[in-house]
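Reviewing the structure listed below.
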Amino acid sequence: GRSDDAVRNRWARLQGSANSACLSFSGSQSNLPKLAPPAKQKREGSEARHSWTAGEDAIITNSVTEWGRRWNRIAERLPNRTEHAIRNRWHRLQMAAADEQQISTVTLMPPPPPPTHKMDVEPRPALDL
């Protein structure tokens, strides 16, 4: 489906063109009916969103290791999850792992202590111009 922004933009374009067509026909915009925006559909039953579990994350990770990025095959192992949702979750898991690795690398390497004397500071090399 289309994103909410795409629907809103299309709706605004259509409403603008309809109003301008009626305006050129009647010469006035005061008697035009106001068009209501499209109603958003709510998810019900099995389509309702629910959080990812650690078990689902493990299935995704193991399945990608086994089959690669074949989201349709992985989706067969996760009922009520779409291929798109599984792919998005995989990418989020990868980003979280990268962030965690970066944080652990930063905490393992403390910053060097500041120099205590002016003699400890190395002189900057002269630039040849």
CZ-NE2 distance between R81 and H50, expressed to the nearest 0.5 angstrom: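 NE2 of H50 is found 3.5 Å from CZ of R81.
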
Spacing of CG belonging to L93 relative to CD1 belonging to I60, to within rounding of 0.5 Å: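 Going from the CG atom of L93 to the CD1 atom of I60 covers 6.0 Å.
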
Listed partners of A85 passing side chain to side chain contact (heavy atoms under 4.5 Å, CB included), at least two apart: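 Counting only residues at least two positions away or on another chain, A85 forms a side chain to side chain contact (heavy atoms under 4.5 Å, CB included) with W52, T82.
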
For N88, side chain to side chain contact (heavy atoms under 4.5 Å, CB included) partners two or more places apart: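 Expected list: H84.
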
Non-hydrogen atoms of I74 and S63 that approach each other most closely: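 Residues I74 and S63, closest heavy atoms: CG1-CB, 3.5 Å.
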
Taking every non-hydrogen atom, the tightest pair across T65 and T61: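 So the minimum-distance heavy-atom pair works out to OG1-O, 2.9 Å.
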
Pairing residues for [X] by the salt bridge (charged side-chain N to carboxylate O under 4.0 Å, His left out) criterion, not counting sequence neighbours:
| X | value |
| --- | --- |
| E66 | R77 |
| R73 | none |
| E83 | none |

Summary of salt bridge (charged side-chain N to carboxylate O under 4.0 Å, His left out) pairs that have at least one residue in residues 87-99, sequence neighbours excluded: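 The answer is D57-R89.
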
